[in-house]
S.K.: 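I'd like to ask some things about the structure below.
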Amino acid sequence: MPDTIDWEAAINTRRSVRSYEPRPVEAKTMSDLREFAQSGMQIPFEHSVKVRFFKAPPGSRLYALKMAPPDNVAFMAKTDVKSISAAGFVGEMVILYATALGLATCWYGHYSMAELERLLPHLGEAAAQPQPKWGYGSGVVPGERAICISPVGYWEKGGIRLADRLTGAFISYKRKPVGELLEGGVKEEDLPREIAYAIDLARKAPSAANSQHWRFTVSPDFKTVTIAMPAGYRHLKWEHPDVDIGICACHFWLGLGLQNVGCRVSPGEEEGRAVWRFEL
Ligand SMILES: Cc1cc2nc3c(=O)[nH]c(=O)nc-3n(C[C@H](O)[C@H](O)[C@H](O)COP(=O)(O)O)c2cc1C
């Protein structure tokens, strides 16, 4: 495995890539990624998220209109709010590490459940019951599910989205300014440098349909930061917005770590949504 990873560069260069070359990931790169996911990565809280790599044959329609590349990864967890949010955190560590290794990825919450079960049997007894067509469904179900999956491969550059090609930019990369994301009275200009830096990396996190529904609450003494979506938030098309909050929490934690700021990380549940508390 590479000794050091430039996490800031990984955050700034990661993009959702939806078109892939039909070739497998090179063996050494794949082995580095597997090693990181299975034993190398440090996660600052207890969790039971599993990272499972799997192969897709040519022509597999795991991802709606797009062809799957040969290598893919699934983030498996229980389906309660805390577990799916932890899947976001852990999954994003793997996604960013893959980015640092030069690989392309894309979080998919809406994958073909039937195709995933064929390629990566994981439903057990539930396989005999009717399953949703796209993704694992809504609400809490017994056992573990693939909370999200991602292709892992090489960007097929001709496949860049038409809208992005027209503007010459990745429009999906647009992010809300920090000022719009702060709750609880502390103003952007008052933030200590370390917290401002970590929030800046956190707001660059990917979210389903780029909805960026995370909000940051910084205590007046700057000792506690919480990340959560507004209570009662619902997304029209994405059933599990707490996954995205875990992804955002991962970026924030990396941002503090890059500045050697130690913290205690506690993922919790309040008012039916995930709330990530960082005590600095
Ligand atoms: C939890 C999650 C689920 C997502 N699900 C899908 C999906 O089902 N299909 C898809 O095309 N993109 C999906 N995306 C990708 C988002 O559309 C993308 O992250 C967002 O537009 C921001 O663009 P960027 O990742 O290039 O920064 C998902 C992203 C996240 C974080």
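Not measured: the values here are computed from a predicted model. Counting starts at 1 for both ligands and their atoms, following the listed order.
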S.K.: Would S16 count as a polar contact of ligand 1, with the cut-off being nitrogen or oxygen pairs under 3.5 Å?
M.R.: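 Among all N and O atoms of S16, at least one is under 3.5 Å from an N or O of ligand 1.
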S.K.: Among Y136, W238, W134, which residue meets the ring pair (Phe, Tyr, Trp, His ring centres under 6.0 Å) test with H110?
M.R.: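 For H110, the ring pair (Phe, Tyr, Trp, His ring centres under 6.0 Å) check succeeds only for W238.
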S.K.: W238 heavy atoms, cut-off 4.0 Å: which ligand 1 atoms fall inside?
M.R.: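 Listed by number with element, the hits are 1 (C).
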S.K.: Classify the side-chain pair H122/E117 by whether it contains a donor and acceptor separated by less than 3.5 Å.
M.R.: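 Looking only at side-chain atoms, E117 and H122 do form a donor-acceptor pair, the distance falling under 3.5 Å.
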S.K.: In terms of side-chain geometry, is the basic nitrogen of R277 or E270 positioned less than 4.0 Å from the acidic oxygen of its partner?
M.R.: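 Salt bridge: yes.
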S.K.: On the six-membered ring of Y154, is R23 placed so that its NZ or CZ lies under 6.0 angstrom from the centre and within 45° of the ring axis?
M.R.: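 Geometry flag: set, cation within 6.0 Å and 45°.
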S.K.: R175 near ligand 1, heavy-atom distance under 4.0 Å?
M.R.: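 Heavy atoms of R175 do come under 4.0 Å of ligand 1.
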S.K.: At less than 4.0 angstrom from any non-hydrogen atom of P206, what atoms of ligand 1 do you find?
M.R.: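 Answer, ordered by atom number: 19 (O), 25 (O), 31 (C).
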S.K.: Check K204 against ligand 1 and report side chain, backbone, both or neither, counting heavy atoms closer than 4.0 Å.
M.R.: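 Looking at K204 and ligand 1, no heavy atom falls under 4.0 Å.
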S.K.: When you look for heavy atoms under 4.0 Å from ligand 1, do you find them on the side chain of Q212, its backbone, both, or neither?
M.R.: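 Looking at Q212 and ligand 1, no heavy atom falls under 4.0 Å.
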S.K.: Give yes or no for whether the N/O distance cutoff of 3.5 Å, strictly under, is met between H110 and ligand 1.
M.R.: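 N/O-N/O distance under 3.5 Å: yes.
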S.K.: Kindly give the heavy-atom pair with the smallest separation between L201 and G255, and that separation in Å.
M.R.: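 So the minimum-distance heavy-atom pair works out to CD1-CA, 3.8 Å.
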S.K.: Taking both backbone and side-chain atoms of G109, is any N or O found less than 3.5 Å from an N or O belonging to ligand 1?
M.R.: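 In this structure, G109 places an N or O atom under 3.5 Å from an N or O of ligand 1.
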S.K.: Which part of S207 is near ligand 1, with near meaning a heavy atom under 4.0 Å away: side chain, backbone, both or neither?
M.R.: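 For S207, only backbone atoms sit under 4.0 Å from ligand 1.
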S.K.: Applying a heavy-atom cut-off of 4.0 Å, say which part of A64 lies close to ligand 1: side chain, backbone, both or neither.
M.R.: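 None of A64 does.
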S.K.: When you compare the side chains of K174 and N210, does any donor N or O come within less than 3.5 Å of an acceptor on the partner?
M.R.: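 Per modelled atom types, K174 and N210 side chains form no pair under 3.5 Å.
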S.K.: Have a look at ligand 1 and work out which part of H240, if any, has a heavy atom under 4.0 Å from it: side chain, backbone, both or neither.
M.R.: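 The answer is neither.
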S.K.: Only heavy atoms of I247, strictly under 4.0 Å: list the atoms of ligand 1 that pass.
M.R.: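 Checking each atom against I247, I get 31 (C).
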S.K.: Please check if any side-chain donor atom of Y233 sits under 3.5 Å from a side-chain acceptor atom of D242, or the reverse.
M.R.: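 No, D242 and Y233 have no side-chain donor paired with an acceptor closer than 3.5 Å.
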S.K.: Can any side-chain N or O of S83 pair as donor or acceptor with the backbone N or O of T79 at less than 3.5 Å?
M.R.: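 No, S83 side chain to T79 backbone: no donor-acceptor pair under 3.5 Å.
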